[in-house]
Novice: 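Just passing along the structure, written as structure tokens.
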Amino acid sequence: MRCSAIYSPTRKQRLKDNTVLANSIEEVESILGDVTAERGGGKFVMVHLKDDPETDARIKSFKATVRNTPSVDEYDGPGKCIVTGEPVERRVVIAKAY
């Protein structure tokens with residue numbers, strides 16, 4: 001596969017269509033709660049999340065993990081962690097592992 005195919009408009013649109021914002025841990029659980037390999041429906045969820053063991057354990061409790069920390073937050077920049085309420089610089093990408 002050529003590199004240009006990785007960034008094709010179709011793939012970019014699919015990524016955009018499958019990425020949602022969440023502002024609370026309850027929203028994340030609602031979005032990812034029923035996702036399974038059999039049912040599909042997986043989304044990438046952009047959240048403010050502190051990088052520490054407590055937050056990691058909390059999102060892993062429903063089989064989600066941090067997938068990426070974008071170098072540039074294209075959404076809204078700094079905010080409060082959805083688990084601890086502490087300030088964080090940007091949103092990260094989480095998704096369910098299945």
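Count residues from 1 along the sequence.
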Novice: Specify the closest pair of heavy atoms between Val28 and Ala22, including all atoms of both residues, with the distance to one decimal.
Specialist: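 So the minimum-distance heavy-atom pair works out to CG2-CB, 3.7 Å.
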Novice: To the nearest 0.5 angstrom, please state how far the NZ atom of Lys43 sits from the CG atom of Asn18.
Specialist: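 It is 4.5 Å, given to the nearest 0.5 Å.
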Novice: Does a side-chain heavy-atom distance below 4.5 Å link Arg91 with Asn23?
Specialist: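 They are in side-chain contact.
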Novice: Report the distance from atom OG1 of Thr84 to atom CD1 of Ile25, rounding to the nearest 0.5 Å.
Specialist: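 Going from the OG1 atom of Thr84 to the CD1 atom of Ile25 covers 10.5 Å.
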Novice: Let's go through Val45 and Val93 carefully: what are the C-alpha distance in whole Å and the side-chain angles of both, what is the deciding distance for side chain to side chain contact (heavy atoms under 4.5 Å, CB included) to 0.1 Å, and is it a yes or a no?
Specialist: CA-CA 6 Å; Val45 186; Val93 181; over 6 Å; no
Novice: Which heavy-atom pair separates Lys50 from Glu86 by the least distance, and what is that distance?
Specialist: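 In terms of heavy atoms, the two residues are closest at NZ-OE1, 2.8 Å.
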Novice: Are any of the side-chain nitrogens in Arg90 or Glu74 under 4.0 Å away from the carboxylate oxygens of its partner?
Specialist: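 Salt bridge absent between Arg90 and Glu74.
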Novice: Could you tell me whether the side chain of Phe44 reaches within less than 4.5 Å of the side chain of Ile31, counting heavy atoms only?
Specialist: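 Not in contact.
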Novice: If I compare all heavy atoms of Leu32 with all of Ala64, which pair ends up nearest, and what's the gap?
Specialist: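 Nearest heavy atoms, Leu32 then Ala64: CD1-CB, 3.9 Å.
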Novice: Could you go through the side chain to side chain contact (heavy atoms under 4.5 Å, CB included) check for His48 and Lys80 one step at a time?
Specialist: CA-CA 6 Å; His48 289 106; Lys80 290 185 178 185; 5.9 Å; no
Novice: Side chains of Thr55 and Arg58: do they bring a donor and an acceptor to under 3.5 Å?
Specialist: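 Absent: no donor and acceptor within the cut-off.
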Novice: Going hydrophobic residue to hydrophobic residue with side-chain gaps under 4.5 angstrom, can you get from Ile94 over to Val88?
Specialist: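 No.
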Novice: Around atom CG of Asp76, are there more than 12 heavy atoms from other residues, nucleotides or ligands closer than 6.0 Å?
Specialist: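 Yes, because the 6.0 Å sphere around CG of Asp76 holds more than 12 heavy atoms from other groups.
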Novice: For Glu89, does the CD atom have more than 12 heavy-atom neighbours from other residues, nucleotides or ligands under 6.0 Å away?
Specialist: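 No, CD of Glu89 has 12 or fewer neighbouring heavy atoms, counting only those of other groups under 6.0 Å.
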Novice: Of all heavy-atom pairs between Thr65 and Arg67, which one has the smallest distance, and what is that distance?
Specialist: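 Heavy-atom minimum between the residues: OG1-NE, 2.8 Å.
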Novice: When rounded to the nearest 0.5 angstrom, what distance separates OG1 in Thr19 from OH in Tyr75?
Specialist: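 Spacing of OG1 (Thr19) from OH (Tyr75) equals 5.0 Å.
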